[in-house]
Amino acid sequence: MLLEVKNVTKSFFSEGKKILALKDISFSVDEDEFLAIVGPSGCGKSTILRIIAGLETPDKGQVLFHGQPVLSPTQKITMIFQQFGLLPWKTVLENVELPLEILGVEEKERRKAALSFIKKVGLSGFENSYPHELSGGMKQRVGIARALALQPEILLMDEPFSNLDALTAEILREEILAIWRDKNNVTNTFIMVTHLIEEAVYMADRVIVFSPRPGRIIGDIKINLPRPRKEYQRHPEFFKACDKIRGLIRKSTELTNELMLR
């Protein structure tokens, strides 16, 4: 077992009011697994990623990585955000090099690593380009290369395709899956938050389903479709898995709404 989330509860304060975001979240992730997390807006999906990454501290519970508590960010667990987060005054190469530079990696070594991952995400020839010269898909590729350059064991992705057009998102999904399947990569465990149920079923081995806020786990669905799944997107079993997840979210949302009206 690579990662364990154990009984995590998290709340925030907004306008003087305490808002419970997550309640008693527990799940585990195995090495080589691709896990997706889905649920309605505001249910704490991004929050649990930030807690796993060590960017947020839970009120209760803990996250264990190789059996040790995650208390702060670590290069072994990196994250790709919805917003590309590139420094506009730095080139593609410099943006990918940045985390390695912060870690004190020598220039020659970090440049070699950065160029390798720039090539891996299909951006060879754009090393000296600046973010304003890139399309949205290319910017996200830079973010992916930057995260992978640290050679993490776990890659967290927070709705990584939500700001892209449909065709670019489709291409990037395939590239992410190719990177995950490449046994030469150190990074072989992916956790993705998405609001698209079809995307989760297409990419993941398992889909964890969150309820409306406070986020609780209401489903842990194993996706047994063969890979690659391109030809299975219109298969009855694909739609069956999507409908099962959608039904869980709908039922939980309706129940939450009923309780709020009482």
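Keep in mind that this is a model prediction, so the values were computed, not measured.
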Assess whether side chain to side chain contact (heavy atoms under 4.5 Å, CB included) is satisfied between Leu148 and Asn185, documenting all intermediate values. CA-CA 9 Å; Leu148 292 174; Asn185 290 330; 5.9 Å; no
Contact summary for Lys10 and Pro58, nearest pair of heavy atoms: CD-CA, 4.1 Å
Could you measure the distance from the OG atom of Ser211 to the CD1 atom of Ile218? Nearest 0.5 Å is fine. 5.5 Å
For Leu87 versus Asn95, what's the shortest heavy-atom pair and its separation? N-OD1, 2.8 Å
Taking all atoms of both residues into account, what is the closest heavy-atom pair of Thr253 and Pro40, and its distance? OG1-CG, 4.4 Å
Is a donor on one side and an acceptor on the other found under 3.5 Å between the side chain of Thr187 and the backbone of Pro152? yes
Rounded at 0.5 Å granularity, tell me how far CG in Leu49 sits from OG1 in Thr47. 9.0 Å
Return yes if some donor-acceptor pair links the side-chain N/O of Trp89 with the main-chain N/O of Tyr130 below 3.5 Å, else return no. no
Salt-bridge criterion met for Arg216 and Asp24 (N-O under 4.0 Å): no
Does Glu237 offer a backbone N or O that forms a donor-acceptor pair with the side chain of His235 under 3.5 Å? yes
Lys23, NZ atom: more than 12 neighbouring heavy atoms under 6.0 Å: no
Taking NZ, NE, NH1 and NH2 as the nitrogens, is one of them in Lys112 or Glu106 under 4.0 Å from a carboxylate oxygen of the other? no
Is it the case that over 12 heavy atoms from other parts of the model lie below 6.0 angstrom from the CZ atom of Arg110? yes
salt_bridge(Arg246, Glu198) N-O dist < 4.0 Å: yes
Do the side chains of Val207 and Val29 join up, straight or via other hydrophobic residues, at under 4.5 Å, putting them in one cluster? no
Hydrophobic cluster membership, with links at side-chain heavy-atom distances under 4.5 Å among I/L/V/M/F/W/Y: are Ile171 and Leu134 in one? no
Just say parallel, tilted or perpendicular for the rings of Tyr202 and Phe238, cut-offs at 30° and 60°. perpendicular
If we ignore hydrogens and angles and just use 3.5 Å, is the side chain of Lys45 paired with the main-chain N or O of Gly39 as donor and acceptor? yes
With hydrophobic residues grouped by side-chain heavy-atom distances under 4.5 Å, do Met157 and Val193 end up in a single group? no
Find the distance between CD1 (Ile208) and CG (Leu35) and round it off to the nearest 0.5 Å. 4.5 Å
Verify the neighbour count for atom NZ of Lys6: are there more than 12 heavy atoms of other residues, nucleotides or ligands below 6.0 Å? no
Let me confirm one number: the CD-OG distance from Glu33 to Ser28, rounded to the nearest 0.5 Å. 7.5 Å
Looking at Lys222, I'd like to know if its NZ atom is crowded, meaning that more than 12 non-hydrogen atoms belonging to other residues, nucleotides or ligands lie closer than 6.0 Å. yes
Atom CZ of Phe81: over 12 foreign heavy atoms under 6.0 Å: yes
Considering only residues two or more places apart or on different chains, which pairs with a residue in residues 2-29 satisfy ring pair (Phe, Tyr, Trp, His ring centres under 6.0 Å)? none
Please report the C-alpha distance between Lys119 and Glu127 in whole Å, then the side-chain angles of each, then the deciding distance to 0.1 Å, and finally whether the side chain to side chain contact (heavy atoms under 4.5 Å, CB included) criterion is met. CA-CA 9 Å; Lys119 181 179 180 180; Glu127 294 85 355; over 6 Å; no
Kindly indicate, with the supporting measurements, whether the criterion side chain to side chain contact (heavy atoms under 4.5 Å, CB included) is fulfilled by Ile223 and Arg229. CA-CA 11 Å; Ile223 308 300; Arg229 292 182 178 157; 3.6 Å; yes
Can you get from Leu55 to Ile48 by hopping between Ile, Leu, Val, Met, Phe, Trp and Tyr side chains that sit under 4.5 Å apart? yes
What is the minimum heavy-atom distance between Val209 and Ile249, and which atoms define it? CG1-CG1, 3.5 Å
Hydrophobic clustering (ILVMFWY, side-chain heavy atoms < 4.5 Å, transitive) - are Ile80 and Leu98 grouped together? no
Can you see which heavy atom on Pro131 is nearest to which on Lys90, and at what distance? CD-O, 3.2 Å
I'd like to know if the side chain of Asp158 and the backbone of Ser46 have a donor-acceptor N/O pair within less than 3.5 Å. no
So CG of Leu123 and CZ of Arg141: to nearest 0.5 Å the spacing works out to 6.0 Å
Salt-bridge test for Arg227 and Asp205: reply yes if a basic N is under 4.0 Å from a carboxylate O, no otherwise. yes
Taking it one step at a time, do Leu2 and Phe65 satisfy side chain to side chain contact (heavy atoms under 4.5 Å, CB included)? CA-CA 6 Å; Leu2 184 62; Phe65 176 60; 3.8 Å; yes
So how far is it from Arg173 CZ to Met192 CE, rounded to the nearest 0.5 Å? 8.0 Å
